[in-house]
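The structure under discussion appears below in the form of C-alpha cells.
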Amino acid sequence: SPMVTGTSVLGVKFDGGVIIAADMMGSYGSLARFRGISRLLKVNDTTMLGASGDYADFQYLKQIIDQMVIDEELLGDGHSYSPKAIHSWLTRVMYNRRSKINPLWNTVVIGGYYNGESFLGYVDMLGVAYEAPTLATGYGAYLAQPLMRDVLEKKASLTKEEARDLIERCMKILYYRDARSFNRYEVAIATEKGVEVEGPLTLEANWDIAHLV
C-alpha cells in the first residue's frame, strides 16, 4: 500500500494540443512531507504523463519509460513512442501487476500531440483505461471534472489560453478544497512544437473568506 502519495492530475484537450497539470506535494499519510516533487514526466517530444498515487511506484515507472525511450532512440529508425503507444503499454503493465496481486499504486494521465492529433488518456492501478477530452484523477475527479465538462459542453473546442485558464481555476479550487493538495504546481503542454513542462508555478489564493466556511 502507498507511502508517499501525490493527489490529483488534471488534463484538458484544446485546439492543437493538450495540457496537463499536477501539484508538487508528496504526502506521507496526511503529513505534507515533500513540497517540491515533480509528478509530471516529459516522455519525448510528442508524449507526456502525470501520475497520482504512490510516488515510489511513479519513480519506478519513470525509470522504465526513460530506458524504453533511450532504447527506441538507439534504433535510429526515425520512429518514437506515440502517446497512444505509451497509453496502451501502460494498460498492459498496470493490468499485469494487479494480476500478480502487487499493483503499481498509481493513476496515470497520458497526454500528447502526434501526427496532427491530440491524445488524452487515463490508466489506473487496475488497468482500467479510457480516452476523454477532459480527465482528472483522485479528488479532482469529484471537484474538477464536473467544472471542466461544464466548460466543454458550452464550448466544444477551447483555445490554448482558455484551456490554461480552466486548468488554473480547477487547480485553485482543488487547493482550497483538497487537504492533500498544494499551491505549487507544474503544467505540461503538448503541441506540434513539442512538449514543454512549466513550473514550479504558484497559485495566488485568498483565504479571507475562510471564516465564512
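Because the structure is predicted, anything quoted here is derived from the model rather than measured.
- The two residues A22 and V9 come nearest to each other via the heavy atoms CB-CG2, 4.1 Å.
- Side-chain contact between V12 and V18 is absent, with no heavy-atom pair separated by less than 4.5 Å.
- Atom OG1 of residue T134 and atom CG of residue L158 lie 9.5 Å apart, to the nearest 0.5 angstrom.
- Judged as a ring-ring contact (aromatic ring centres under 6.0 Å, His included), and not counting sequence neighbours, Y95 has no contacts.
- The pair R164-E198 meets the salt-bridge criterion, with a side-chain N (NZ, NE, NH1 or NH2) lying under 4.0 Å from an Asp/Glu carboxylate O.
- Heavy atoms from other residues, nucleotides or ligands lying under 6.0 Å from NZ of K62 number 12 at most.
- Between the side chains of T47 and N44, at least one donor N or O lies within less than 3.5 Å of an accepting N or O.
- Using bins of under 30°, 30° to 60° and over 60° for the plane-to-plane angle, the ring pair Y122/Y130 lands in the parallel bin.
- Evaluation of the ring-ring contact (aromatic ring centres under 6.0 Å, His included) rule for Y113 yields no partner, not counting sequence neighbours.
- The existence of a salt bridge linking E162 and K155 is confirmed by a sub-4.0 Å separation between a basic side-chain nitrogen and an acidic carboxylate oxygen.
- Counting heavy atoms from C-beta outward, L49 and F58 have side chains that approach closer than 4.5 Å.
- When each of R92, R98, K100, M94 is paired with N96, the side chain to side chain contact (heavy atoms under 4.5 Å, CB included) condition holds for K100 and for no other.
- For W89 and Y81, the gap between ring centers reaches or exceeds 6.0 Å.
- Ion pairing between a basic and an acidic side chain is recognised when a charged N comes within 4.0 Å of a carboxylate O; R39 and D23 show such pairing.
- Contact annotation: the side chain of F14 approaches that of T191 to within less than 4.5 Å [non-hydrogen atoms, C-beta and beyond].
- The pair D150-K154 meets the salt-bridge criterion, since a charged nitrogen lies less than 4.0 angstrom from a carboxylate oxygen.
- Side chain to side chain, D178 and T7 meet the donor-acceptor criterion of an N or O pair below 3.5 Å.
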